[in-house]
Amino acid sequence: MSESFIPVAAPALIGNEKEYVSDCLNSTWISSKGAYIDRFESMFADFVGVRHAITCSNGTVALHLALLARGVGAGDEILVPTFTYVATANAVTYCGAKPVFVDCDPSTWNLNPDAVRELITSATKGIIVVHLYGHPANMDPLLDIAREYGLFVLEDAAEAIGARYKGRPVGALGDIGTFSFFGNKIITTGEGGMLTTNDDEAAALIRRLKGQGVDPARSYWHDIVGYNYRMTNIAAAIGVAQMELIDTHIGRRREIARLYGLGLTGLSDLTMQQAAPYAEPVYWMNSVVLGPSWIVGRETVMDRLARKGIETRPFFYPMHKLPMYSSGADGRDFAIAERISSRGINLPSGAGLSESDVSFVCKELRGALLGEGPP
Ligand SMILES: *Cc1c(COP(=O)(O)O)cnc(C)c1O
């Protein structure tokens with residue numbers, strides 16, 4: 001038995017992070033101006049293939065800025081997958097708008113385009129798609145519906161840097177993309193976020209809003225209410241070091257997913273997120289959903305793994321189950337999201353996992369599942 005602890009997600013600080021942070025300290029450029037901000041933004045724009053990449057303090061405010069840049073306000077309705085992290089819905093609420101929840105697809109777990117059309121009302125302004133767990137959402141049908149009804153499309157790509165949809169990188173598919181660099185994401189800056197867009201006007205407004213609304217040509221002249229949502233040069237320095245090794249970070253994720261796929265074959269009634277034909281996922285999380293024939297419950301499985309030093313997480317609660325959003329269900333049923341959410345387990349998935357870590361997790365997961373007999 002392993003004595004070690006295997007976390008769900010740990011940052012992989014495997015490049016020039018220390019050197020670049022020291023450089024910030026030595027140069028005293030530690031606040032939100034500095035060369036690393038510009039470098040991080042231009043590396044990111046190149047990587048995603050967009051004209052503008054704009055740093056900000058985290059992935060939640062990136063969503064808030066994107067909604068503000070599309071003029072979202074009181075009375076507006078924004079379609080949001082119910083199966084997502086709470087930040088996606090909260091950002092809509094910050095604008096005084098209402099998140100209207102959408103059920104997910106049973107195999108990719110992403111927003112189901114077929115469920116969108118019937119939810120559109122005269123108050124609907126836009127759709128936020130989430131590329132959940134690093135798997136791109138099915139964009140073309142959503143973009144078609146958005147065009148038909150004149151809606152904007154924001155991509156919450158917090159979990160999906162580097163993922164591709166029909167060969168095109170996420171964050172460049174809708175009007176504006178948002179990313180997170182929290183410590184557990186594919187690349188990290190401690191806390192941090194980024195917006196991506198090809199829309200020059202939106203980019204200029206986002207830059208203004210994140211810096212207290214100041215007029216770029218006139219110091220201390222503020223003609224809109226802005227925010228302080230800036231990233232520090234220190235965080236950007238970590239981001240530059242992470243971006244230098246982005247292919248390594250993503251390559252490790254894909255290798256870990258491949259090993260899980262091999263290690264868990266043959267277990268019946270157990271599903272993983274299925275890569276759709278259009279998708280090149282980046283596997284932020286490797287997860288399993290227990291089918292109904294398993295006798296053993298999810299919490300028992302997670303407890304057994306914890307006793308072996310293996311950290312796991314239950315899936316997100318669907319947003320319509322949370323107290324502040326329960327009225328957003330509007331009496332509708334979200335059968336897929338509820339089933340997945342109540343039976344899903346996130347397995348250790350960080351880029352630092354070794355091949356033997358993954359085979360240990362697979363072996364112990366089999367043991368935990370089969371402890372009370374096969375389904
Ligand atoms: C992490 C995450 C966010 C929020 O990012 P923070 O940097 O933690 O604010 C938003 N949406 C999704 C889907 C996320 O996973």
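Atoms within a ligand are numbered from 1 in the order they appear, just like the ligands themselves. Numbers here are sequence positions counted from 1.
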Does either side chain, that of [X] or that of [Y], offer a donor lying less than 3.5 Å from an acceptor on the other one?
X	Y	value
Y283	H135	no
H222	D215	no
T121	E77	yes

>> Parallel, tilted or perpendicular, judged at 30° and 60°: which one describes the rings of Y85 and F316?
In response: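 Aromatic pair Y85/F316 classed tilted.
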
>> Over 60° means perpendicular and under 30° means parallel, so tell me whether F40 and F181 are parallel, tilted or perpendicular.
In response: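 Because their plane-to-plane angle lies in the 30° to 60° range, the rings of F40 and F181 count as tilted.
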
> Which of the atoms in ligand 1, numbered in the order shown and given with their element, are less than 4.0 Å from a heavy-atom of A158?
Replying inline: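 With A158 as reference, the close atoms of ligand 1 come out as 2 (C), 3 (C), 10 (C), 11 (N), 12 (C), 14 (C), 15 (O).
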
[atom] - nearest protein heavy atom and its distance:
atom	result
atom 15 (O) of ligand 1	E159 OE2, 2.5 Å
atom 2 (C) of ligand 1	K185 NZ, 2.6 Å
atom 4 (C) of ligand 1	T60 OG1, 3.6 Å

>> Minimum distance, heavy atoms only, to atom 6 (P) of ligand 1: which one of P81, G59, G134 is it?
In response: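 Comparing heavy atoms across P81, G59, G134, the nearest one to atom 6 (P) of ligand 1 lies in G59.
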
> atom 12 (C) of ligand 1: which of D156, N58, V61 has the nearest heavy atom?
Replying inline: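 The residue whose heavy atom sits nearest atom 12 (C) of ligand 1 is D156.
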
>> Between R253 (side chain only) and W284 (backbone N and O only), is there a donor and an acceptor less than 3.5 Å apart?
In response: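 Flag set: sc R253 to bb W284 pair under 3.5 Å.
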
>> I want to know if ligand 1 touches S180 in the polar sense, i.e. an N/O pair below 3.5 angstrom.
In response: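 In this structure, S180 places an N or O atom under 3.5 Å from an N or O of ligand 1.
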
